[in-house]
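Just so you know, ligand 1 is whichever comes first in the structure, and atom 1 is the first atom listed for that ligand. As the structure is a prediction and not an experimental result, all values here were calculated from the model.
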Amino acid sequence: MSWTQEFKSALKTREEISNFFNFDFPEVNYPVFIPIVFATKIIQAGPGSPLWNQFLPHAEENNVDMGRLDPIGDKVHAKNNQLIHRYENRALFTPTTVCPVLCRYCFRKNELADKDEIFDQKFQEAKTYLMENPEINEIIFTGGDPFILSNEKIAFYLQEFAEIESIKYVRFHTRTPVILPSRIDEGLLAVLESAKHFFKRSMVMIHINHESELTEDVIDAIARLNEQNIEVFSQTVLLKSVNDSTDALYNLFSALADNKVKPYYLHHPDEARGAMYFYLSLEEGRRIFAPLHNRLPGWALPQYIIDIPGGEGKIPAFNPESFEFSGELINRNGEKVKIR
Ligand SMILES: *Cc1c(COP(=O)(O)O)cnc(C)c1O
Ligand code: SF4
């Protein structure tokens, strides 16, 4: 099956997943989407496994008493519907809101639900903004998931960005190599290869949370990227019931490092409405993370970071002075922000 067929034939309704998994799932306020090949891996892992918990509906998603609708303040910094400019020299570009799978813990789950508002083709406006703001030297393709776009679309955007002299780096944030590894095909590799001629660096940041996601086909997809000399990094979200132990994180990061992926970020979970059952405190996170300094070399240890709720941006979450959390974080301007 081609990746597009795999994508089109994904499980999309409560009825389809109930039949496929032979399990009685609760009715939840958020859509479901799981490609069949990946769903087969979830069945093998079984109920309550890290794979199951990440992608199958949970009654707690309907809890509206906790969590924010826009947890990291993307709307505050959105320049138009496709561009989010929060840090001086780099901007997020969201050419699509479509993902290869729907993750129950997604921090954008409430935004992705109202698609029309966030997604409206305004590319020329975004390009003009980039030309008028030459301090931006890096474009970060995100979404949704940029690898869901066709090769032609990705090539088109890369060519457009190559025309802007100030853009030196491009980056893709993607979950696709894990969910639809067949997507890393010759055509996409050729497009990524061509990006190396336009930009000083082009990077792929794979979103992966648990070692059980690194199956043979995924490892092969990563190897194809490495063989093209495309720089591969990883991003992980710390999640209760998925990877909330030192061992789980150690196993993931050492397996990634063995496969020539540089672990880049471990994200503290965002306080997203409908995903609070994955949340854990900064104290808990720091206690889990600290022993990794002993067990992994610096080049296999990601930075543990937190996005300050409300749009102040990412800062380090580990505190070498204390596991306890004072309730205040220091933002990028050196100001204290009270979050508890
Ligand atoms: C996370 C993020 C980035 C990328 O930050 P890095 O620290 O460079 O990985 C850029 N822009 C926005 C709006 C972000 O949320
Ligand atoms: S792939 Fe990313 S954006 Fe898409 S549902 Fe999962 S966490 Fe959200």
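- Counting heavy atoms of neighbouring residues, nucleotides and ligands inside a 6.0 Å radius, atom CG of Asp24 does not exceed 12 of them.
- For Arg14, the side-chain hydrogen bond (donor to acceptor under 3.5 Å, both in side chains) partners are Glu27, not counting sequence neighbours.
- Taking a 4.0 Å cut-off on heavy atoms, Arg108 fails to register as neighbouring ligand 2.
- Atom 4 (Fe) of ligand 2 lies at 2.8 Å or more from every N, O or S atom belonging to Cys106.
- Taking a 4.0 Å cut-off on heavy atoms, Val101 registers as neighbouring ligand 2.
- Listed by chain and number, residues touching ligand 1 at under 4.0 Å (heavy atoms only) are Ile84, Arg86, Tyr87, Arg90, Leu92, Ile140, Arg171, Tyr264, Tyr265, Lys314.
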Start with the C-alpha distance between Leu102 and Ile34, add both sets of side-chain angles, then the distance that settles side chain to side chain contact (heavy atoms under 4.5 Å, CB included), and finish with yes or no. CA-CA 7 Å; Leu102 289 176; Ile34 311 176; over 6 Å; no

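- Side chains of Tyr30 and Asn110: a donor-acceptor N/O pair is present below 3.5 angstrom, by distance only.
- Among residues at least two apart or in separate chains, there is no side-chain hydrogen bond (donor to acceptor under 3.5 Å, both in side chains) pair with a member in residues 250-262.
- Numbered from 1 in the order shown, with element, the atoms of ligand 2 that lie under 4.0 Å from a heavy atom of Arg175 read 1 (S).
- Under the side-chain hydrogen bond (donor to acceptor under 3.5 Å, both in side chains) criterion, Arg68 pairs with no residue at all, not counting sequence neighbours.
- Between the side chains of Glu61 and Asn29, no donor-acceptor pair of N or O atoms lies under 3.5 Å.
- Side-chain atoms of Asp145 and Thr174 include a donor-acceptor pair closer than 3.5 Å.
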Kindly indicate, with the supporting measurements, whether the criterion side-chain hydrogen bond (donor to acceptor under 3.5 Å, both in side chains) is fulfilled by His267 and Tyr304. CA-CA 6 Å; His267 294 263; Tyr304 176 32; over 6 Å; no

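- For ligand 2 and Cys99, the ligand atoms under 4.0 Å from any heavy atom of the residue are 1 (S), 3 (S), 4 (Fe), 5 (S).
- Distance check for Cys103 against atom 8 (Fe) of ligand 2: none of its N/O/S atoms falls below 2.8 Å.
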